[in-house]
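Since the model is a prediction, treat every value here as computed from it, not as a measurement.
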Amino acid sequence: MQLTLKRVRQGKESTLSELYRDGIFQCYVLEDSIRDSKVKGQTCIPIGSYKLGLNYWGGMNTAYKKRFPDIHQGMIEIKDIPNFSMVYMHIGNTHADTSGCLLVGTYFHKSTDGTDYEVYQSTQAYCELYNAIIEKVKKEEVTLRIEHAFVNMP
């Protein structure tokens with residue numbers, strides 16, 4: 001299975017993307033800013049291709065197991081990112097909710113001050129994505145390709 005993350009808009013501290021599963025739109029994604037050099041907890045994942053796997057330990061895994069007992073089988077982790085570790089796909093709305101991870105949502109809009117992007121209905125988007133890919137992730141058969149596809153904004 002191929003996931004493609006197309007970065008389409010850049011805010012002051014956020015990056016908005018579209019996530020496609022085998023070429024079909026799945027959801028929106030919010031990340032931290034694109035930076036030339038990594039700033040811990042404030043930098044998005046470099047463009048490239050990465051394998052997805054499961055992480056079974058840590059506080060986030062425990063919280064999601066409790067929150068989603070019927071579906072949770074481990075945190076979906078983006079593997080082998082240079083200078084990054086424990087990078088997950090998870091729930092959140094603003095760049096303040098991530099430390100380099102991918103936040104998913106069914107829709108987006110600009111922040112109140114108009115300088116950044118936010119994603120919403122994150123729990124719904126997370127559950128839909130998780131259910132759609134978990135069996136393939138367990139078999140290590142999912143690749144995430146990240147690319148820039150920025151659109152001009154008025």
Side-chain angles (χ1 to χ4, degrees), residues 1-55 58-61 63-64 67-68 72 74-134 136-137 142-154:
M1 177 181 292
Q2 175 73 48
L3 296 180
T4 304
L5 183 86
K6 294 183 178 185
R7 293 185 174 138
V8 294
R9 296 185 179 140
Q10 183 72 53
K12 183 178 178 186
E13 299 292 331
S14 62
T15 304
L16 181 70
S17 302
E18 298 169 347
L19 183 67
Y20 295 85
R21 179 172 45 98
D22 291 333
I24 299 170
F25 179 79
Q26 177 74 41
C27 62
Y28 292 100
V29 173
L30 192 75
E31 298 177 83
D32 285 316
S33 294
I34 297 170
R35 300 182 194 280
D36 292 333
S37 53
K38 183 177 179 348
V39 176
K40 185 176 178 161
Q42 298 178 17
T43 307
C44 67
I45 302 165
I47 60 173
S49 290
Y50 306 95
K51 287 284 190 188
L52 298 186
L54 290 177
N55 185 307
M60 187 170 272
N61 187 58
Y64 276 57
R67 185 171 180 180
F68 304 106
H72 186 76
M75 294 302 298
I76 296 173
E77 183 175 6
I78 301 136
K79 302 287 201 173
D80 302 322
I81 305 167
N83 303 313
F84 289 77
S85 62
M86 297 188 309
V87 178
Y88 306 121
M89 295 180 166
H90 66 84
I91 295 167
N93 302 115
T94 73
H95 69 88
D97 298 330
T98 184
S99 291
C101 294
L102 304 181
L103 306 178
V104 297
T106 63
Y107 72 95
F108 74 92
H109 61 76
K110 280 202 163 189
S111 58
T112 307
D113 66 7
T115 62
D116 276 301
Y117 291 93
E118 301 172 345
V119 293
Y120 288 92
Q121 291 183 326
S122 191
T123 300
Q124 177 185 336
Y126 176 79
C127 290
E128 288 172 1
L129 175 63
Y130 197 94
N131 285 326
I133 69 173
I134 187 61
K136 295 282 188 180
V137 172
V142 182
T143 301
L144 173 67
R145 186 177 77 230
I146 299 174
E147 59 188 48
H148 292 174
F150 289 103
V151 295
N152 293 329
M153 295 296 295

When you compare the side chain of [Y] with that of [X], does any pair of heavy atoms fall below 4.5 Å?
| X | Y | value |
| --- | --- | --- |
| Leu3 | Arg145 | no |
| Lys38 | Phe84 | yes |
| His90 | Met75 | yes |
| Asp32 | Thr43 | no |
| Leu19 | Phe25 | no |
| Ile146 | Arg7 | yes |
| Thr123 | Arg67 | yes |
| Leu103 | Glu31 | no |

Spacing of [atom1] belonging to [X] relative to [atom2] belonging to [Y], to within rounding of 0.5 Å:
| X | Y | atom1 | atom2 | result |
| --- | --- | --- | --- | --- |
| Met86 | Asn55 | CE | CG | 7.5 Å |
| Thr4 | Glu147 | OG1 | CD | 6.0 Å |
| Met60 | Ile91 | CE | CD1 | 9.0 Å |
| Thr98 | Gln42 | OG1 | CD | 11.0 Å |

Counting distance only, does the side-chain N/O of [X] pair as donor-acceptor with the main-chain N or O of [Y] below 3.5 Å?
| X | Y | value |
| --- | --- | --- |
| Ser17 | Leu5 | no |
| Asp22 | Gln2 | yes |
| Glu128 | Ala132 | no |

Minimum heavy-atom distance [X]-[Y], with the two atoms named:
| X | Y | answer |
| --- | --- | --- |
| Tyr126 | Met89 | CE1-O, 3.4 Å |
| Ile81 | Pro46 | CG2-CD, 3.7 Å |
| Cys44 | Thr15 | SG-OG1, 4.5 Å |
| Ser122 | Gly92 | OG-N, 3.0 Å |
| Val87 | Gly100 | CG1-O, 3.4 Å |
| Ser49 | Thr143 | CB-CG2, 4.1 Å |

Test side chain to side chain contact (heavy atoms under 4.5 Å, CB included) applied to Lys6 and Tyr20, step by step: CA-CA 8 Å; Lys6 294 183 178 185; Tyr20 295 85; 3.8 Å; yes
Polar side chain donor-acceptor pair, [X] to [Y], under 3.5 angstrom:
| X | Y | answer |
| --- | --- | --- |
| Ser111 | Asp116 | no |
| Asn61 | His72 | yes |
| Gln124 | Thr106 | no |

Aromatic ring pairing Tyr120/His109, orientation class (parallel under 30°, perpendicular over 60°, tilted between):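 Rings of Tyr120 and His109: parallel, under 30°.
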Chi angles and distances behind the side chain to side chain contact (heavy atoms under 4.5 Å, CB included) call for Val29, Val119: CA-CA 7 Å; Val29 173; Val119 293; over 6 Å; no
Worked check of salt bridge (charged side-chain N to carboxylate O under 4.0 Å, His left out) between Arg35 and Glu13: CA-CA 10 Å; Arg35 300 182 194 280; Glu13 299 292 331; 3.2 Å; yes
Residues, nucleotides or ligands: over 12 heavy atoms within 6.0 Å of Lys79 NZ: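 Atom NZ in Lys79 is packed in, count exceeds 12.
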Arg9 and Glu18 ion-paired at < 4.0 Å: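 Judged by the 4.0 Å cut-off on N to carboxylate O distance, Arg9 and Glu18 do not form a salt bridge.
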Worked verdict on Ile76 versus Ile133 for side chain to side chain contact (heavy atoms under 4.5 Å, CB included): CA-CA 9 Å; Ile76 296 173; Ile133 69 173; 3.7 Å; yes
Pair Tyr130 and Phe68, ring centroids less than 6.0 Å apart: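 No, ring centres 6.0 Å or more apart.
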Close aromatic pair by centroid cut-off 6.0 Å: Phe150 and His148: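 Ring-ring flag for Phe150/His148: true, centres closer than 6.0 Å.
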Side chain to side chain contact (heavy atoms under 4.5 Å, CB included) evaluation trace for Tyr28 with Val8: CA-CA 10 Å; Tyr28 292 100; Val8 294; 6.0 Å; no
